[in-house]
Q: 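The structure under discussion is supplied below as structure tokens; questions concerning it will follow.
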Protein chains: 2
Amino acid sequence: MTAGELDRDHIQSLERGFAVLLAFDAERPNPTLAELATTTGLSRPAVRRILLTLQRLGYVEGGSGRWRLTPRVLSIGQHYSASNAMIEIAQPHLLALAEQTQESSSLAALDGSEAVYIARVPVRRIMSINVSIGTRVPAHATSMGRVLLAWAPPAEIDRVIAESGLRAYTERTVTDPAEFRRALHAVREQGWSIVAEELEAGLLSASAPVRDRSGTVVAALASSTSSGRSDTARLQEEVVPLLVRTAERISADLDHGGAGRSPGPVVLNGRDGFF
Amino acid sequence: MTAGELDRDHIQSLERGFAVLLAFDAERPNPTLAELATTTGLSRPAVRRILLTLQRLGYVEGGSGRWRLTPRVLSIGQHYSASNAMIEIAQPHLLALAEQTQESSSLAALDGSEAVYIARVPVRRIMSINVSIGTRVPAHATSMGRVLLAWAPPAEIDRVIAESGLRAYTERTVTDPAEFRRALHAVREQGWSIVAEELEAGLLSASAPVRDRSGTVVAALASSTSSGRSDTARLQEEVVPLLVRTAERISADLDHGGAGRSPGPVVLNGRDGFF
């Protein structure tokens with residue numbers, strides 16, 4: 001076995017481990033080994049070896065032929081949240097925005113051609129999918145994605161257009177590349193985005209950019225509602241100014257807080273700061 | 001290389017991959033390769049191979065010698081949340097509890113000797129650590145952990161006592177095994193737990209058990225406050241009845257909802273159900 005082959009082996013078992021973890025979802029919360037093999041395209045012996053490793057590490061548990069994820073898998077994402085100062089900094093602003101609008105507020109980052117929820121204060125459910133931290137939505141069909149792309153380098157916009165194929169989720173999804181680029185241009189000009197019913201019928205959202213100290217857009221702050229509760233004119237009049245102001249405040253706090261932030265000891269003082 | 005050695009290799013590279021991911025945290029959000037090697041105890045070439053694999057999978061990004069996690073690592077935990085019907089079912093109840101108490105409400109599960117936050121509606125920050133989904137706290141020193149242990153088999157209680165060593169976090173932490181067992185007995189008798197300042201000075205919390213259809217305690221529902229805003233007498237009088245009732249409602253919904261739950265398609269109807 002050459003070094004190159006060994007290297008490939010290492011890559012492969014890590015890759016396969018994640019593939020098995022990600023094969024657990026809402027449709028298959030308690031899969032059998034055979035189901036996991038089918039879903040991942042791996043052999044049963046390979047899946048079995050991975051499951052036993054993951055079990056030893058505490059990430060899955062088995063019983064009566066079915067497997068499930070343990071809450072330990074949440075640790076991995078928690079390390080992202082803990083290592084990203086912006087998420088802690090944004091939290092009180094998300095809460096204030098949710099209270100003022102009485103709608104869910106979210107913070108999202110771009111990953112590939114998708115927007116990922118990295119922080120969220122849920123108020124009510126308006127999407128068909130159960131949105132939680134880590135939920136991914138197509139960037140091109142959401143206000144969060146438009147904001148994350150509007151100030152991105154042209155090559156990144158090209159990449160997202162190519163990867164997503166600007167797939168239509170509803171009749172209103174912008175699927176024409178030229179029209180999509182014009183929409184991004186408008187976002188850049190006005191400083192915010194409203195997207196209505198391009199991902200789901202009845203779903204409306206508005207977003208504004210959060211910037212780091214260099215001015216780079218690092219996240220989108222979003223407020224979501226439904227066509228039964230609002231419309232684009234009301235969103236623009238009532239929510240957008242609040243959203244832009246809140247995003248600016250998060251950006252300002254990022255500028256100050258990023259460096260001075262201390263993780264703090266575990267045993268402490270019970271101070272009662274506004275979360 | 002024998003089959004046994006190959007097997008060991010597979011286990012090892014997966015285990016090492018997770019060790020590298022978990023080496024990113026609030027204290028080391030942007031580590032260098034050398035820092036990651038020190039933290040994990042792995043060689044630099046091994047860390048480098050893992051980082052390149054994780055980068056290819058989209059979980060980390062590098063630049064100017066420093067590495068960071070990408071929001072893609074949140075996907076892994078999101079698969080836990082999505083595959084656990086209880087989390088979706090509990091969400092509106094957590095929100096209602098937070099609104100009624102004006103305090104953060106949480107759902108936690110037991111993992112090893114720790115309680116893990118699996119769902120949460122934050123209202124304000126009362127702990128020194130930034131609590132998010134996946135945050136872990138010692139079970140023995142929290143009301144969530146007491147509830148998760150009170151109805152557990154004796155062997156599990158023994159294990160947690162041994163693993164945690166009933167470590168003292170404040171002067172008030174119960175560290176004597178006999179006293180700890182009496183505390184669990186009291187929780188079992190009364191059906192809820194209040195723990196005051198055993199994890200942090202000034203931190204108070206109350207918890208009640210959530211049960212699956214077999215009656216097994218599968219989670220703890222908690223409400224947290226600070227000594228500046230409440231005390232154990234007020235918690236018991238005002239919050240505990242609400243908490244017990246809410247936990248019973250989640251248990252009842254679990255009993256009905258667990259089977260009939262449908263993940264639903266991505267493109268949908270914009271229904272406006274209370275989240």
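Within every chain, numbering begins at 1; the chains are lettered A, B, ... in the order of the sequence lines, protein sequences first and strands thereafter.
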Q: Compare every heavy atom of B:L14 with every heavy atom of A:S13, then report the nearest pair and how far apart it is.
A: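 Looking at all heavy atoms of both residues, the shortest contact is O-CG, 3.9 Å.
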Q: At their closest point, which heavy atom of A:L69 faces which heavy atom of B:S83, and how far apart are they?
A: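 Closest pair (atom of A:L69, atom of B:S83, distance): CD1-OG, 4.1 Å.
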Q: List the atom of B:P71, the atom of A:I118, and the distance in Å for their closest heavy-atom pair.
A: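 That would be CB-CG2, 3.9 Å.
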Q: Pair up each side-chain donor or acceptor in residues 73-80 of chain B with any protein partner under 3.5 Å, not counting sequence neighbours, and list the distances.
A:
residue : atom : partner : partner atom : Å
B:S75   : OG   : A:R136  : NH1          : 3.4
B:S75   : OG   : B:R72   : O            : 2.9
B:Q78   : NE2  : A:S132  : OG           : 3.3
B:Q78   : NE2  : A:T135  : OG1          : 3.1
B:H79   : ND1  : A:L22   : O            : 3.0
B:H79   : ND1  : A:F24   : O            : 2.7
B:Y80   : OH   : B:N84   : ND2          : 3.1

Q: Take atom CZ in B:R68; do more than 12 heavy atoms of anything else shown fall under 6.0 Å from it?
A: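 For B:R68, atom CZ is not crowded (no more than 12 foreign heavy atoms under 6.0 Å).
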Q: Can you tell me if A:R66 has over 12 outside heavy atoms packed within less than 6.0 Å of its CZ?
A: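 Yes, CZ of A:R66 has more than 12 neighbouring heavy atoms, counting only those of other groups under 6.0 Å.
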Q: For a 4.5 angstrom cut-off between non-hydrogen side-chain atoms, does A:L54 reach B:F18?
A: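 The answer is yes, as the side chains (C-beta and beyond) meet within the 4.5 Å cut-off.
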Q: Taking every non-hydrogen pair under 4.5 Å, which of B:D25, B:N30, B:L21, B:I87 racks up the most with chain A?
A: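 Top option by heavy-atom pairs under 4.5 Å: B:D25.
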Q: A:R56 versus chain B, heavy atoms under 4.5 Å apart: side chain, backbone, both or neither?
A: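 For A:R56, the side chain is the part near chain B, not the backbone.
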Q: What part of B:L110 lies closer than 4.5 angstrom to a heavy atom of chain A: side chain, backbone, both or neither?
A: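 Contact with chain A: backbone only.
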